[in-house]
Amino acid sequence: MNTAPKGLRLHIGFFGRRNVGKSSLLNAIVRQQVSIVSDVAGTTTDPVEKPMEMLPLGPVLFIDTAGIDETGAAGALGALRVEKTRQALQRAEIAVLVAEPNDWGEFEEGLLADFAAQNTPALVVFNKTDAAPPDAALMERLRAAKLRVVLASALTGQGLPELREALLDLAPSDFIDSPAIAGDLVGPGELAVLVVPIDKEAPKGRLIQPQVQTIRDLLDSDALCMVVKERELHTALERLKTPPKLVVTDSQAFLKVAADTPSDVPLTSFSILMARFKGDLTAQVEGALAIERLRSGDRILIAEACTHHPIGEDIGRVKIPRWLAQYTGVKLEFETVQGRDFPQDPSGYALVVHCGGCMWNRRQMLSRILQCQHAGVPITNYGLTIAYSLGIFARALGPFPAALERYRALAEDAAHCCA
Ligand SMILES: Nc1nc2c(ncn2[C@@H]2O[C@H](COP(=O)(O)OP(=O)(O)OP(=O)(O)O)[C@@H](O)[C@H]2O)c(=O)[nH]1
Ligand SMILES: [Mg+2]
């Protein structure tokens with residue numbers, strides 16, 4: 001039941017001053033002890049995450065944050081706490097602001113402004129209403145501002161059903177009807193061929209998330225799905241009575257697969273499917289065009305969502321730098337970051353090349369794309385970079401007409417401006 005990958009779960013963050021009962025509310029809603037509760041302000045110091053199945057919403061991830069307020073933010077430890085809570089805010093897809101009935105001020109208004117700035121749907125829970133009712137005028141004002149307000153008590157359980165209902169209402173529609181990975185490209189009864197190299201970088205005994213998620217998505221769409229290694233692709237295609245509707249390959253086998261796939265069969269990569277599913281394909285196509293403008297000495301940031309130990313010819317550390325160097329013919333500087341160690345201000349980089357973010361939720365990826373766009377730094381992803389460096393960008397975008405059109409328009413502009 002709790003095996004859905006973290007990136008597919010709806011992230012719900014609990015925020016608010018210290019000691020208002022965030023952890024108590026979360027424990028009450030999941031009906032078990034997840035976070036330690038105490039009457040000492042500042043009990044939760046690091047965000048605590050709890051995956052659960054919340055019907056009818058589906059898989060969610062509750063994030064209990066450290067209370068931040070004027071006192072809690074003081075000192076170096078306080079600053080760290082604020083930073084971690086801020087990161088939780090970036091990945092929350094719904095923000096629950098917990099407050100005490102008679103303790104509302106600039107701090108709460110500030111948090112609401114932060115949620116609004118991030119476009120994060122938010123609701124206010126007045127907890128501890130067993131002890132005191134909230135101020136009627138304040139309630140009126142919040143409701144007039146179209147904010148959902150729930151009166152609750154973690155102690156008595158009052159208001160918990162209303163809280164669950166409010167969470168369901170606020171769940172973004174793209175969570176409820178998740179965008180397709182490939183199921184919209186291959187109709188019911190049609191065939192997709194997936195090319196999965198089994199080399200020494202492949203994890204032992206299993207497939208990686210983008211491959212598994214693509215297979216599941218095709219099955220959900222009643223499509224047929226055939227999985228082969230790159231060496232068997234040619235034979236597999238020869239045996240088919242009708243050509244497949246789509247071929248999806250691991251980006252690293254792009255050249256061989258492109259050579260073995262007839263030119264009228266649409267071809268793309270898992271990583272490009274992920275760019276669309278997790279992020280913004282068009283934005284990342286625009287980012288890839290920056291490869292054309294790279295100059296000697298430019299710094300490139302390779303960003304990986306997950307932390308892993310590089311094995312063999314690691315894609316981010318070895319292969320992508322090599323392909324980019326070959327394509328551009330200039331000397332580039334590469335740096336790698338993992339997980340959340342992404343620079344707050346990436347403006348020193350000429351390009352950010354991001355992994356597909358398969359373990360992330362879409363909001364996290366979109367927030368990173370926005371962060372780069374605000375800093376004026378182009379961002380693209382692994383698969384797009386590889387396709388571009390190998391000279392098969394247009395072909396790899398074939399299944400996505402809008403992105404392809406954007407690429408053609410930009411490439412034409414660039415050609416005119418350099419002529
Ligand atoms: N009367 C009453 N007390 C509550 C309620 N919910 C929580 N408390 C008490 O409030 C205190 C703080 O609760 P926590 O859940 O630790 O609060 P928190 O917001 O997580 O606090 P930090 O982690 O320190 O930010 C505890 O003593 C709880 O027992 C409630 O609904 N009613
Ligand atoms: Mg707490």
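Just follow the structure's listing: the first ligand is 1, and inside any ligand the first atom is 1.
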Between [X] and ligand 1, is there a nitrogen or oxygen pair with a distance under 3.5 Å?
X: Arg18; result: no
X: Val37; result: no
X: Asp130; result: yes
X: Leu155; result: yes
X: Ala131; result: no
X: Ala154; result: yes
X: Thr65; result: no

- Query: Do we get Arg368 above Phe342's six-membered ring, with its NZ or CZ under 6.0 Å from the centre and within 45° of the axis?
  - Reply: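 Cation-pi check for Arg368 and Phe342: passes.
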Is the backbone of [Y] close enough, under 3.5 Å, to the side chain of [X] for a donor and an acceptor to pair up by distance?
X: Thr268; Y: Ala396; value: yes
X: Ser221; Y: Asp217; value: yes
X: Asp222; Y: Gly187; value: no

Those atoms of ligand 1 less than 4.0 Å from some heavy atom in [X]:
X: Gly67; result: 25 (O)
X: Ala41; result: 24 (O)
X: Ser38; result: 11 (C), 12 (C), 13 (O), 16 (O), 26 (C), 27 (O)
X: Ser24; result: 6 (N), 7 (C), 13 (O), 14 (P), 15 (O), 28 (C)

- Which residues pass the side-chain hydrogen bond (donor to acceptor under 3.5 Å, both in side chains) test with Asp114, sequence neighbours left out?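 None.
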- For ligand 1, note which part of Asn127 has a heavy atom under 4.0 Å away: side chain, backbone, both or neither.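 Under 4.0 Å from ligand 1, Asn127 contributes side-chain atoms alone.
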- Which residue pairs pass the salt bridge (charged side-chain N to carboxylate O under 4.0 Å, His left out) test with at least one member in residues 127-142, sequence neighbours excluded?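 Listed once each, the pairs are Glu100-Lys128, Glu109-Arg141.
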- Is any side-chain heavy atom of Glu165 less than 4.5 Å from a side-chain heavy atom of Arg148?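 Yes - at least one pair of side-chain heavy atoms lies under 4.5 Å apart.
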- Task: Sorted by first residue and then second, give each side-chain hydrogen bond (donor to acceptor under 3.5 Å, both in side chains) pair with at least one member in residues 390-410; sequence neighbours left out.
- Result: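 For residues 390-410: Glu286-Arg406.
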- Message: Any donor-acceptor pair under 3.5 Å linking the side-chain atoms of Tyr382 with those of Gln252?
- Response: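 No - no donor-acceptor pair under 3.5 Å links their side chains.
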- Is a side-chain donor-acceptor pair under 3.5 Å present for Glu333 with Tyr349?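 Result is no, nothing qualifies.
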Counting non-hydrogen protein atoms only, what is the nearest one to [atom]? Give residue, atom name and distance.
atom: atom 10 (O) of ligand 1; answer: Lys128 NZ, 3.0 Å
atom: atom 25 (O) of ligand 1; answer: Lys22 NZ, 2.8 Å
atom: atom 17 (O) of ligand 1; answer: Gly21 N, 3.1 Å
atom: atom 21 (O) of ligand 1; answer: Asn19 N, 3.0 Å

- CZ of Arg299: more than 12 outside heavy atoms within 6.0 angstrom?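 Yes, enclosed.
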- List-wise, which protein N, O or S atoms are found short of 2.8 Å from the Mg ion (ligand 2)?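 For the Mg ion (ligand 2), the protein N, O and S atoms that sit under 2.8 Å away are Ser23 OG, Thr44 OG1.
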- Message: Would you call the rings of Phe15 and Phe115 parallel, tilted or perpendicular, taking 30° and 60° as the class edges?
- Response: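 Judged by the thresholds at 30° and 60°, the geometry between Phe15 and Phe115 is tilted.
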- Message: Classify the ring geometry of Tyr327 against Tyr388: parallel below 30°, tilted from 30° to 60°, perpendicular beyond 60°.
- Response: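 The arrangement is perpendicular - the two ring planes meet at more than 60°.
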